[in-house]
There are 4 protein chains.
Amino acid sequence: MLARVSSTPTFRRLPRAVREQQMLDAAVKVFSRRGYHAASMDEIADDAGISKPMVYAYLGTKEELFIACLHREGTRMMQAIAGAVAPDLSADERLWRSLRAFLGFVGAHRDGWAVLYRQARGEQPFAGEIAAMRSRMVEIVAGMLAHTLRAECREVAETELEVVAYALVGATESVADWLVDHPEADPEQTATRVMNVAWVGAAQLLAGTSWHPPTSQGEAPPDAPSAG
Amino acid sequence: MLARVSSTPTFRRLPRAVREQQMLDAAVKVFSRRGYHAASMDEIADDAGISKPMVYAYLGTKEELFIACLHREGTRMMQAIAGAVAPDLSADERLWRSLRAFLGFVGAHRDGWAVLYRQARGEQPFAGEIAAMRSRMVEIVAGMLAHTLRAECREVAETELEVVAYALVGATESVADWLVDHPEADPEQTATRVMNVAWVGAAQLLAGTSWHPPTSQGEAPPDAPSAG
Amino acid sequence: MLARVSSTPTFRRLPRAVREQQMLDAAVKVFSRRGYHAASMDEIADDAGISKPMVYAYLGTKEELFIACLHREGTRMMQAIAGAVAPDLSADERLWRSLRAFLGFVGAHRDGWAVLYRQARGEQPFAGEIAAMRSRMVEIVAGMLAHTLRAECREVAETELEVVAYALVGATESVADWLVDHPEADPEQTATRVMNVAWVGAAQLLAGTSWHPPTSQGEAPPDAPSAG
Amino acid sequence: MLARVSSTPTFRRLPRAVREQQMLDAAVKVFSRRGYHAASMDEIADDAGISKPMVYAYLGTKEELFIACLHREGTRMMQAIAGAVAPDLSADERLWRSLRAFLGFVGAHRDGWAVLYRQARGEQPFAGEIAAMRSRMVEIVAGMLAHTLRAECREVAETELEVVAYALVGATESVADWLVDHPEADPEQTATRVMNVAWVGAAQLLAGTSWHPPTSQGEAPPDAPSAG
DNA sequence: GATGAATGAGTCTTCATTCAT
DNA sequence: TATGAATGAAGACTCATTCAT
């Protein structure tokens, strides 16, 4: 009603970019706490200190909003990893540093990427996003492995390489989940353990020391599918 | 409208046990297809060819129903594994067979256990169930590892053992997820790959060939937490 | 399947009358505990140790069942009162004994008549029943008052008499409610108090010592109905 | 479809306060007509000319809505009473005017306070509210009685006073119920009758003319509790 | 730009009641 | 007689989403 004298600057009317970050912050927080479905747009808007229509205007649908969160957090994580490896390091060293950076990041933001990621895996609408993210990680890992191999003048089939890379990423994801659920765990130590179990295994494998199923006679491939 | 000729007996008014299985079948199917939240009790009831109140009467709440599904499928999976290993086999052999049985089972029921399990991991209400299931699997694996070790007269700290077991289980879970998403993949071959990557790594590790982080000078632990 | 040897007589197949009483016992109990709506036919049947269709077969609809409860408890209460007054007593004495018997009964069965009655007053479907019960009580009271008056050779308009009787019954009902909610209260003492407050007032009134509104000038009857 | 000529302004999008009153109006109406349980939120929303979610947004749960109705009507009634008594009147006069105002109010809004109150008495969830309301009324009455007594330099035990006040309030409530059920009755006349019966009784009592149970020989306190 | 007001649609859940055995 | 099996109908409550100001 009255002309408001803006001696103390109220922080309304912020530029779009800032507002968007506030919203994303709130969204990440709420999605992490409640899960995708249990999170309500109301709570997110409230938490961002903004009205609901603004959220829709800036970030779109709930689904889009969730994806935006996933992207922002994913990007941050990727940057944390990229920032930890220098291109002049040996492939092994880069491997180790990436892993450590990854688990370090997850451990430091226990309500960020990993939680959203875990949730997204269970929900269909995000299948595409998830596949894309995982592909990116698999590529990086595969690249490192390939580098190592090439350095040793060894050749491994493309497919084989990808599968191994995939397995390693999967294992690491899983450990990341575990890390989120165990706040008392030390990321660095955890990284060491993973390096030991999985990556050493991979190294062995790629070095040629592979394992083969025993050729047992007469054993049937298990699980003849029972009736539905 | 028409006088129904009851040559084929109508399947109304079935005994409880039968109906419960029908319901669980339907529930597993729908939960897998749609995801926990998107699945509606209506669709489940319809799919089971029965009215909603029966579902509530027999299996309880949606949450309880989901847990019941998880249990049934989990139990079936465990049985598939148990049926694949004979107690007189060597620990190594049992390890391999368990893994193969597990991935075989997952591959054969791509809309069963693995999908439910994956969904449950993202939702808070099922945290307890998930933890319990994983514990059971970790125990089994740890038991096998311990057996192997003891056979070789080697000792490993209890904690270390558990962590390794956990990592292996996590990796395997993750590969199971992958298997579900890749219908063209061959479970047996996939099992071999996992055995190669992860379990060979574990073997190496337990054999003493462990890996240690390089003592690099001056490198800071990454990711000084940025502002929230 | 097998012919059951009934050496120990199981108490199934009871005569109808007994079964009905069991059901009514259970119904009164559950209705009192939960209230009419919150009570479920399931719980009543369970509590009676009988299957639901039997309840319907014997006592009919939930509404009818509730009315049956109301009747049985009302009759018991009436009998308790009738048993307490001998016809050769003076009207005053009969009045006092009735009141005492009534509150005594209510106090002794705190989950019986009074609770059902109170619930019934709020729900439309029972309006008829309630009206009938109250009529019966009002009649009794009015009869006693009339007797007293006639003994004193005094005449009071029929209408006036009924209204006074009604007021007394209403007051007593209300105190009965209170008694149910105050288990520590002593029925006998409470009866004395009611006798003091209400019945003494009635006596005064009927004796001619009546009160008249002050003839104030210019005061408007309050509450000119507001909008709405 | 047609261009709506907005000569008469459509009453959509009203300010919150207005809508809340509309909703409460509708709620009181429907609760009175149907009873608490039989009333559906749908009907209330319809009757208020608004969608259900608005009702939940503004007034909360069905239970909360009912309590809000009870409060609004209770407050209105209290105000009607307060507006009828001037502080400079004698205690007797204030007593009479309060009673008249109360019954006048009840009579003028036969689907308002009294009906809700009667319903609330039967349902557990509202026990607290009811107790609070009655307490307030008992206090007022007790205050008036105390004033009268003090004016006559008489002393009565605190407890006794409260009980008498309670009895009077109970009696009045009950008569209010009756009034609601007898639309043809005249509130003013009814008030006079109550004043005669109950309050004159109280006056007698407090004046010392009390009644005592006859010391009859050999009569047992009735109703030795039967089984069950 | 920003928001209070508003809703359509849908979900879980419960319950009185009745077949078919 | 007695009951397990079965359901139609309805109700409370929530939420993502969008006008109209």
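Sequence lines set the chain letters: A, B, ... in the order given, protein chains first and strands last, and positions in each chain run from 1. What you see is a predicted model, and the numbers here were worked out from it, not measured in a lab.
Contact annotation for D:Ala45: no contact, since no heavy-atom pair falls under 4.0 Å across all strands.
Here the P atom of nucleotide F:dC15 and the CD atom of A:Glu63 are 18 Å apart, to the nearest Å. Atom OH in B:Tyr36 sits roughly 14 Å away from atom P in E:dT11 (whole-Å rounding). Atom pair B:Met54:CE and F:dG4:C1' shows a separation of 9 Å (rounding to whole Å applied). As rounded to whole Å, 15 Å separates atom P of F:dA12 from atom CG of D:Leu59. One atom, CG of C:Asp46, and another, P of F:dG4, lie 10 Å apart when rounded to the nearest Å. Between the CD atom of C:Glu20 and the P atom of F:dA2 there is a distance of 12 Å, rounded to whole Å. In this entry the distance linking CZ of A:Phe66 with C1' of F:dA16 reads 16 Å, nearest Å. One can place CG of D:Asp42 at 13 Å from C1' of E:dG10, the figure rounded to the nearest angstrom.
Both D:Ala17 and B:Ala38 sit near DNA chain E, but only D:Ala17 has its closest nucleotide nearer the 5' end. Summary of the strand contacts: C:Gly49 and B:Gly49 both lie near DNA chain F, and taking for each the nucleotide with the nearest heavy atom, the more 5' one is attributed to C:Gly49. Nucleotides of DNA chain E nearest to B:Lys52 and D:Ser51 differ in position, and the one nearer the 5' end is that of D:Ser51.
Across every strand in view, E:dT21 sits in a pair with F:dA2 that passes the Watson-Crick or G-U test at under 3.5 angstrom. Across all strands shown, the partner of F:dC15 is E:dG8, judged by Watson-Crick or G-U wobble contacts whose two distances both fall under 3.5 Å.
Taking only side-chain nitrogens and oxygens, B:Arg16 never comes nearer than 4.0 Å to OP1 or OP2 of F:dG4. Contact between the side-chain N/O atoms of D:Tyr58 and the OP1/OP2 oxygens of E:dG4 is not found at any separation under 4.0 Å. At E:dA6, one or more side-chain N or O atoms of D:Arg19 fall inside 4.0 Å of OP1 or OP2 (strictly under the cut-off). For the pair D:Thr61 and F:dA12, the criterion of a side-chain N or O lying under 4.0 Å from OP1 or OP2 is not met.
In this structure, the nucleotide among E:dT7, E:dT14, F:dA12 sitting nearest to the side chain of D:Met41 is F:dA12. The side chain of B:Lys62 lies closest to E:dT11, out of E:dT11, E:dC15, F:dA12. Here E:dT13 is the nucleotide among E:dT13, E:dA6, E:dG4 with the atom lying nearest to any side-chain atom of B:Tyr56. Side-chain proximity of D:Ile50 to E:dA6, E:dT14, E:dC19: nearest is E:dA6.
Ring geometry for A:Tyr36 versus A:Phe66: interplanar angle over 60°, hence perpendicular rather than tilted (30 to 60°).
A salt bridge does not link C:Asp111 to C:Arg33: none of the charged side-chain nitrogens sits closer than 4.0 Å to a carboxylate oxygen.
C:Lys62 and C:Phe31 make their closest contact through CE-CE2, 4.1 Å (heavy atoms, listed as atom of the first residue, atom of the second, distance).
The local environment of CZ in B:Arg16 is crowded, with over 12 non-hydrogen atoms from other residues, nucleotides or ligands closer than 6.0 Å.
With contacts defined as side-chain heavy-atom distances shorter than 4.5 Å, the pair C:Leu59/C:Glu20 qualifies. The shortest distance between side-chain heavy atoms of D:Gln22 and D:Val18 falls below 4.5 Å.
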